[in-house]
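Presented below is the structure to which this report refers.
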Amino acid sequence: MIAIFFRNLARDLVRQPLRTILTLSGVVWGTFSVVLLIALGESVGASQKKSFHGMGAGIVLLFPSRTTLPYQGFKSGKPVRITPEQAEDLMEKVPGIETLSPEFVWSRRIRYGKQEFMNTVRGVNPSFERIRNTIPAKGRFINPMDMAERRRVCFIGDVLATDLFGRDDPIGKQVLIEGLPFTVVGVMAKKEQNSNYNGQRDENCAFIPWTTFAALYGAKYVSNIILRPLDSGRSAAVTQDVKGHFSKLAGFDPKDPDAIFVWDTLEFEKQFSVFFAAFNVFLGAIGALTLLVGGVGVASIMMVVVEERTREIGIKLAVGARRRTILVQFFSETLMIMIIGGAVGFALAAGVIKLIQGIPSEEFAEFFGEPRLSALVVASTGLILLAIGAVSGYIPARNAASTNPIEALRK
Amino acid sequence: MSKAETIIELRGIKKVYQMGGHALEALSGVSLEIGRGEFVSVMGPSGSGKSTLMNIIGCLDTPTSGEYYLEGKNVAGLTFDQLSSIRNQKLGFVFQNFNLLTYATAWENVEVPLLFNGKNARRRRQRITELLEAVGLLDWKEHRPSELSGGEQQRIALARALANDPPILLADEPTGNLDSKSGEDIMGLLGGLWKEGRTIVMVTHDDRIAAHSERTIRLFDGQVA
Ligand SMILES: Nc1ncnc2c1ncn2[C@@H]1O[C@H](COP(=O)(O)OP(=O)(O)OP(=O)(O)O)[C@@H](O)[C@H]1O
Ligand SMILES: [Mg+2]
């Protein structure tokens, strides 16, 4: 019985190839555009948030560099040198800073058992954890005791942890950094990070107390300072005060624009959020337009189909079809078309998404993120499809089957 | 034929179409009786309400007021599905414009009323063969309506109307779209069906076609003249 039902259904669909193909292509196009749009919109939104917070939210990076103006008898080009003590002293000397950490950044050989890598080692203080979101998945970050006692402890990125230890638990194990043993006290939780500076991404780094770094390697001057202002709106003013303070200490013209190179992610964010707001409006407009065009396309196809279909319903009613027979037939036909069309549309969209993921450009990836067929995409497209199916296929059939046969025959 | 048994009885049937603001009375109180086995033709000028009347008799449309008794049963009290099974088994309807399913073959068109009557595959095959043979189109069974002449299409429609062997055959200008030769073929078939004992009600404009019937009902301005 069910087999006969499906055979008749398939036959009906095949018997009317033009109608079936028109309706199918409408559904395929609708699904395709909706899936792609939702997937892209979602991934762009996600990549936007990710790139803001992967590196740390609302932070200012200061890179001591070289003077570009002559100052107090020195020619331009003199290196600007800042010690980690001077950096930490900023908390006292310059108001408006919530927290900061100096950073030494060197490449070091890191070894455990037979595994050895040349990775970035960062000498930092405990504040680094909060500024850069290096949250421990296991163990802990560097603490004030480590700092004071210049302990040989390290906190390692999640990727480095797997590279060195595989599936073993690294906590409490000893790694060799340039031949000297360090105890692993923590492993970073996985995080998304699309922007970076100086060396590898956090997932590949080992973090040690800067006091230990200085003592072991003889490092005197910081690679950079990372700080977070109390009031994100005042980051430019705070940065200016910090530069003024250092100009006296390190001997450079306070007006020298490049003696300390500044990367203010707050300023960056402000510009970007304007850009992304505009982009979202643009994407929304395109989405609305696509839906409109797709919807009008599907609707006009359905108009043609419904008219022909109404006559068919009239004929069937005239020769004795029950209302339920008609409804079951048209409902399953519509459903079949929706399922097939939806599947094809999904497959096409998935293919295009694969293509997008395959685009080798990093900028592209950073901008579009990773479009995926997420649960949200599948659910919302499914709902939209169902709505289109109900409106365009079922409702006209129900209306046609609810009147006198002669009304349907007049069409 | 004797009029011992009334099979179709109309009492004061009115049909009013609402057209925008004003109402158009297509039928203004039609009463008539048709006996079992009668061959009745309905004539009248264009717009006099012949098709409206036929659609009501065929249970394709409902009157605005009045009563319709089919085999003594009041049709007004029936549900949609009960009317469907009357159309399926009691009445065969032949339209002026054939109303065949354009995408289906001759065979499949004749099969439709049998499917709705729940006949199994073997009995359907048997019946369709019989019907197509009776209208002389068994060799055309795989043809679509677009591949058939008007006369052939009307014969397929006639075969479909007879699918479940209904006692009543209704035909609204069955020869209206046909040349006179095809028209005579159809009339020959109808005549044969009448002789088998079926009740036939047929609308026509043509006196020669009407001459095949026993009795003519004349409509004028929505009333029996
Ligand atoms: N659906 C409708 N809506 C409004 N008016 C209608 C409708 N169907 C028929 N009429 C009107 O009802 C009247 C009777 O129409 P009907 O089709 O019954 O006439 P007829 O006798 O069959 O004419 P013909 O010989 O041209 O087929 C006409 O005036 C027609 O315009
Ligand atoms: Mg008419």
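Hydrogens, waters and symmetry mates play no part in the numbers below; they use all other heavy atoms, side chains included. We name chains A, B, ... by the order of the sequence lines, and we start the count at 1 in each one. Bear in mind the structure is a predicted one, so any value in this text is a computation, not a measurement.
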- Count the heavy atoms of every other residue, nucleotide or ligand shown that sit under 6.0 Å from CZ of B:Arg124, and state whether that count exceeds 12. yes
- Note on the structure: OG of B:Ser51 to CD1 of A:Ile406, rounded to nearest 0.5 Å, is 8.0 Å
- Message: Less than 4.5 Å to any heavy atom of chain B: does that hold for the side chain of A:Ile315, its backbone, both, or neither?
- Response: side chain
- Which portion of B:Phe80 sits near chain A, non-hydrogen atoms under 4.5 angstrom: side chain
- Message: Quick check: do A:Val319 and B:Arg87 have side-chain heavy atoms less than 4.5 Å from each other?
- Response: no
- Between B:Ser84 and A:Ala321 the two heavy atoms that sit nearest each other are OG-O, 2.7 Å
- Message: Need one label for B:Leu100: side chain, backbone, both or neither, based on atoms under 4.5 Å from any heavy atom in chain A.
- Response: backbone
- Might you confirm whether atom CZ of B:Arg123 has over 12 heavy atoms from other residues, nucleotides or ligands at distances under 6.0 Å? no
- Query: To the nearest 0.5 Å, how far apart are CG in B:Leu101 and CZ in A:Arg311?
  - Reply: 9.0 Å
- Message: Any heavy-atom pair between the side chains of B:Leu60 and A:Asn404 that's under 4.5 Å?
- Response: no
- Item | Approximate separation, where rounding is to 0.5 Å, of A:Glu407 CD and B:Asn55 CG | 10.0 Å
- Flag for A:Arg322-B:Asn88: side-chain donor and acceptor within less than 3.5 Å: no
- Message: Is it true that, when you exclude B:Tyr17 itself, more than 12 heavy atoms of the residues, nucleotides or ligands shown sit nearer than 6.0 Å to its OH?
- Response: yes
